[in-house]
Number of protein chains: 2
Amino acid sequence: MHSFTEENYLKAIFHLLLKTQSATTNEIAAATGTKAASVTDMLKKLAEKKLINYARYQGVTLTDSGERIAVGIVRKHRLWEHFLVDKLKFKWDEVHEMAEELEHISSTELINRLDEFMGHPQFDPHGDPIPDCNGRISNQHLQSALHLKKDQTGKIAAVADHSPAFLQYLEKTQLTIGQTITVTGLTDYDMALVLNNSQNEFNISREVAKNLLILV
Amino acid sequence: MHSFTEENYLKAIFHLLLKTQSATTNEIAAATGTKAASVTDMLKKLAEKKLINYARYQGVTLTDSGERIAVGIVRKHRLWEHFLVDKLKFKWDEVHEMAEELEHISSTELINRLDEFMGHPQFDPHGDPIPDCNGRISNQHLQSALHLKKDQTGKIAAVADHSPAFLQYLEKTQLTIGQTITVTGLTDYDMALVLNNSQNEFNISREVAKNLLILV
DNA sequence: TATTTTTTTTAGACTTGTCTAAATTAATTC
DNA sequence: GAATTAATTTAGACAAGTCTAAAAAAAATA
Ligand SMILES: [Mn+2]
Ligand SMILES: [Mn+2]
Ligand SMILES: [Mn+2]
Ligand SMILES: [Mn+2]
């Protein structure tokens, strides 16, 4: 059908378009770990196949069929991550690289059965929504913990940084998905957030807070 | 590590070596769906990497490290097939193509956890033995149903033809793995085998019998 | 507006794996 | 043993995806 490479470009463009109107050559190069010249070649090919809208120097958007493919890859990625954590007992910081391979297994019947086997999970281990078999993605309006007001309470719902280092840090400090937290103040020294999670009180840096996504 | 292509060549050579002393260029071409000229190129590359023993015009064998890789692929293939049938409820004639993709997922930790998740199954859905995590393969001495003597009883343990058509035929006639059968005779007309499976009596052609592997 | 900097594209080359056609070697047959 | 046939290898080409270096376009700055 489509090569792994094409799928990876479409997925990268999809993720970039969640943040901006159109994805640029350099952004795509950074996201795919390639050089700008290679990206230009691939953009021509994807445009030829009507998977992206591309005009020289203008950046790109996905066509409907390009987006359908990209969402399909994201669905597979997140369902496989859920499988690895929920069934095979991997930790949430261990599954991304494996999912990067598994997301290219072509059978949609397989992924739909996997979805059913796990009881149609709504979110992956990092709190990201799993598109349904029609490509629909639920949208929770989350906000960064950094923007919580004093004494505001919310539930940790997702993370904005997926690096193993960050995920391991959260695991160690019990800041895992589903935890309810309250912001009780800021430290004078570095404006770190003082949090309360019903048992203990502790501080998190503004950088950590930025990457914690909260459902209020 | 190794490309999908290299893995597929090693796997093909491994399967060929179960039947003969050394695998020939044409056999490998047939098994991999390529042309002889392409095989020669790849054999040079695999020999360069010390994964096969190759001398021009002589056919090839696997080195220890080549065999280790090949057995690893076979282990993955068969474990994934077991997963698809046992957990995702696919039929035994539906899983081969998916396993052809899944066998190239690189993580050995993943496959070991999958193995554990399924309770360390000994055989895949077609009765083929699943190598353990050290590459050891159990060897049952099976014989073709064609060579059963009159009134001899045995258990269907594996199939020699993995084509969906054959597997569907067996499913329909209840000749599935684990069934105990007795050969009660031969028809006069075409020497078909007359079988008894405790409930019914019925005939199977010599071609079908050839591909049914029996544990006596 | 003219100049400098950044971004993007083009040109040309390389790698992997494939092919067809031709040449070579090995195996069969007469 | 010579001639024919079959198997294998070599030669040369191609497609996909990548790269570096250079050119062109766009954006930023003076
Ligand atoms: Mn991931
Ligand atoms: Mn994830
Ligand atoms: Mn199979
Ligand atoms: Mn099998």
Side-chain angles (χ1 to χ4, degrees), chain A residues 1-17 19-62 66 69-70 73 100-101 103-104 106, chain B residues 1-17 19-62 66 69-70 73 100-101 103-104 106:
Chain A
M1 200 60 162
H2 310 97
S3 68
F4 285 20
T5 309
E6 287 174 338
E7 291 185 344
N8 281 336
Y9 274 92
L10 293 173
K11 181 182 61 156
I13 294 167
F14 174 81
H15 286 308
L16 287 169
L17 291 176
K19 309 204 161 186
T20 49
Q21 287 305 104
S22 91
T24 71
T25 300
N26 271 351
E27 287 170 342
I28 297 167
T32 55
T34 58
K35 295 300 166 70
S38 310
V39 172
T40 299
D41 286 345
M42 180 57 79
L43 294 184
K44 287 179 195 163
K45 199 193 308 183
L46 295 174
E48 187 70 36
K49 296 188 178 185
K50 304 248 201 284
L51 299 173
I52 62 172
N53 304 114
Y54 170 62
R56 285 193 344 297
Y57 295 102
Q58 298 298 124
V60 299
T61 57
L62 292 169
I69 293 167
I73 302 298
E100 287 288 303
E101 296 182 36
E103 71 189 6
H104 301 291
S106 60
Chain B
M1 200 61 163
H2 310 97
S3 67
F4 286 18
T5 309
E6 287 174 339
E7 291 184 345
N8 281 335
Y9 274 93
L10 292 173
K11 182 182 58 158
I13 294 166
F14 174 81
H15 286 308
L16 288 169
L17 291 176
K19 310 207 161 185
T20 48
Q21 287 305 105
S22 90
T24 70
T25 300
N26 271 351
E27 287 169 343
I28 298 167
T32 55
T34 58
K35 295 301 167 71
S38 310
V39 172
T40 300
D41 286 345
M42 180 57 78
L43 294 183
K44 287 180 194 163
K45 199 193 308 182
L46 295 174
E48 186 69 36
K49 295 189 178 184
K50 303 245 202 286
L51 299 173
I52 62 172
N53 305 115
Y54 170 62
R56 282 190 350 295
Y57 295 102
Q58 298 298 123
V60 300
T61 57
L62 291 169
I69 293 168
I73 302 299
E100 286 289 303
E101 295 182 37
E103 71 189 5
H104 301 291
S106 60

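Convention: sequence-line order gives letters A, B, ...; per-chain numbering from 1.
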What is the separation between atom [atom1] on [X] and atom [atom2] on [N], rounded to the nearest whole Å?
X     : N     : atom1 : atom2 : answer
A:E27 : C:dT6 : CD    : C1'   : 14 Å
B:L43 : D:dA7 : CG    : P     : 16 Å
A:I28 : C:dT8 : CD1   : P     : 9 Å

Under a 4.0 Å heavy-atom cut-off, which of residues 48-55 of chain A touch DNA chain D?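 Going residue by residue through residues 48-55 of chain A, none turns out to have a heavy atom under 4.0 Å of DNA chain D.
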Residues in side chain to side chain donor-acceptor pair (under 3.5 Å) with A:S38, at least two apart?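 For A:S38, no residue satisfies side chain to side chain donor-acceptor pair (under 3.5 Å) once neighbours in sequence are set aside.
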Hey, does A:T25 reach any base, or is it just sugar-phosphate, or nothing, if we go heavy atoms under 4.0 Å?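 Contact class for A:T25: sugar-phosphate only.
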Nearest-0.5 Å distance, CD1 of residue B:I69 to CD1 of residue B:I52: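 The CD1 atom of B:I52 is 11.5 Å from CD1 of B:I69, to the nearest 0.5 Å.
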Only counting residues at least two apart or in another chain, list the ones meeting side chain to side chain contact (heavy atoms under 4.5 Å, CB included) with B:A36.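 B:A36: side chain to side chain contact (heavy atoms under 4.5 Å, CB included) contacts with B:T25, B:N26.
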Please give me the minimum heavy-atom distance between B:S106 and A:E101, naming the atom from each residue.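 The answer is OG-OE2, 2.6 Å.
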For a quick test of reading the model, state the closest non-hydrogen atom pair linking A:T34 to A:T32 and the distance between them.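 It is OG1-OG1, 2.9 Å.
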Using a 4.0 Å heavy-atom cut-off to protein, can you give one letter per nucleotide of nucleotides 18-29 of chain C, 5' to 3': B if the base is in contact, S if only the sugar-phosphate is, - if neither? BBBB--BSS---
Please confirm whether the shortest side-chain N or O distance from A:N26 to OP1 or OP2 of C:dT6 is below 4.0 Å.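 Checking A:N26 against C:dT6: no side-chain N or O falls below 4.0 Å of OP1 or OP2.
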Per-pair distances, 0.1 Å, donor-acceptor, side chain in residues 4-17 of chain A, under 3.5 Å, sequence neighbours excluded:
{"from": "A:E6", "atom 1": "OE1", "to": "A:S3", "atom 2": "N", "distance (Å)": "3.2"}
{"from": "A:E6", "atom 1": "OE1", "to": "A:K49", "atom 2": "NZ", "distance (Å)": "3.3"}
{"from": "A:E6", "atom 1": "OE2", "to": "A:K49", "atom 2": "NZ", "distance (Å)": "2.5"}
{"from": "A:E7", "atom 1": "OE1", "to": "A:H104", "atom 2": "ND1", "distance (Å)": "2.6"}
{"from": "A:N8", "atom 1": "OD1", "to": "A:H104", "atom 2": "NE2", "distance (Å)": "3.0"}
{"from": "A:K11", "atom 1": "NZ", "to": "A:E100", "atom 2": "OE1", "distance (Å)": "3.0"}
{"from": "A:K11", "atom 1": "NZ", "to": "A:E100", "atom 2": "OE2", "distance (Å)": "3.0"}
{"from": "A:K11", "atom 1": "NZ", "to": "A:E103", "atom 2": "OE1", "distance (Å)": "3.3"}
{"from": "A:K11", "atom 1": "NZ", "to": "A:E103", "atom 2": "OE2", "distance (Å)": "2.7"}

Without placing hydrogens or testing angles, list every side-chain donor-acceptor pair under 3.5 Å for residues 53-60 of chain A, not counting sequence neighbours.
{"from": "A:N53", "atom 1": "OD1", "to": "A:T61", "atom 2": "OG1", "distance (Å)": "3.0"}

